[in-house]
Amino acid sequence: MKNILATTCFILLAVSVSAQARLKKADDLYTLKSYWSAAAHYERLVNSGNDSPSIQMRLANSYYYMGSYEKAIRYYNGIRLAEYEKEDL
């Protein structure tokens with residue numbers, strides 16, 4: 001039983017670290033104006049359930065800066081304004 005609990009905790013920690021690393025990579029690419037690569041990383045984060053308003057905003061902005069306005073609008077519309085206002089960007 002302890003082994004199962006320890007294994008579960010390890011897996012959850014690894015997934016969390018992986019998501020944080022992906023977010024840092026996406027943010028670094030976004031800062032470097034490598035919007036295509038940043039969008040790919042943000043997409044993976046959103047598709048894996050990490051859909052915070054700040055990530056959705058950066059994803060929408062990436063698409064906007066690439067000229068993919070329809071995708072940008074889709075993500076802009078998906079941002080929950082109430083949560084966005086609470087989150088510190």
Side-chain angles (χ1 to χ4, degrees):
M1 183 67 174
K2 288 182 183 180
N3 288 338
I4 293 172
L5 182 59
T7 302
T8 302
C9 289
F10 177 75
I11 291 170
L12 291 174
L13 179 62
V15 168
S16 175
V17 169
S18 174
Q20 289 174 352
R22 178 159 295 159
L23 178 59
K24 179 168 180 3
K25 179 68 174 174
D27 288 342
D28 290 346
L29 291 165
Y30 184 87
T31 300
L32 294 171
K33 298 181 181 181
S34 182
Y35 299 119
W36 188 87
S37 296
H41 284 277
Y42 288 133
E43 280 276 358
R44 285 189 213 114
L45 287 164
V46 168
N47 291 337
S48 68
N50 189 346
D51 59 349
S52 75
S54 62
I55 291 173
Q56 288 186 27
M57 178 62 86
R58 290 185 208 123
L59 177 55
N61 287 343
S62 294
Y63 282 127
Y64 176 83
Y65 295 137
M66 290 188 299
S68 297
Y69 302 118
E70 288 180 18
K71 285 185 177 182
I73 289 169
R74 182 177 57 192
Y75 284 102
Y76 285 133
N77 287 336
I79 296 170
R80 294 173 295 245
L81 187 57
E83 287 185 29
Y84 181 74
E85 290 173 346
K86 293 179 188 176
E87 190 170 336
D88 182 26
L89 296 179

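Residues Ala38 and Ala26 share a closest heavy-atom pair of CB-O, 3.7 Å.
Looking at Ser37, its side chain never comes within 3.5 Å of a backbone N or O of Ser34 through a donor-acceptor pair. In this structure, the side chain of Asn47 engages the main chain of Glu43 through a donor-acceptor pair within 3.5 Å.
Here Lys25 contributes atom NZ and Arg44 contributes atom CZ; the two are 10.5 Å apart, rounded to the nearest 0.5 Å. For the atom pair Asp28 CG and His41 NE2, the distance stands at 10.0 Å (nearest 0.5 Å). Summarising the geometry, atom CZ belonging to Arg58 is positioned 12.5 Å from atom CG belonging to Leu29; distances are rounded to the nearest 0.5 Å. The OH atom of Tyr76 sits 6.5 Å away from atom CE of Met57, with the distance rounded to the nearest 0.5 Å. Ser52 OG to Leu59 CG: the interatomic distance, rounded to the nearest 0.5 Å, is 10.5 Å. Here the CG-CD distance, from Leu45 to Gln20, works out to 11.0 Å after rounding to the nearest 0.5 Å.
Looking at Asn50 and Tyr42, their side chains never bring a donor and an acceptor atom within 3.5 Å of each other. For the 3.5 Å distance criterion, the side chains of Tyr30 and Asn61 qualify, holding a donor opposite an acceptor.
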Practice problem: Before giving the answer on side-chain contact (heavy atoms from CB on, under 4.5 Å), spell out for Met66 and Trp36 the whole-Å C-alpha distance, their side-chain angles and the decisive distance to 0.1 Å. | Solution: CA-CA 7 Å; Met66 290 188 299; Trp36 188 87; 3.7 Å; yes
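Ring centroid separation for the pair Tyr63 and Tyr69 does not come in under the 6.0 Å cut-off.
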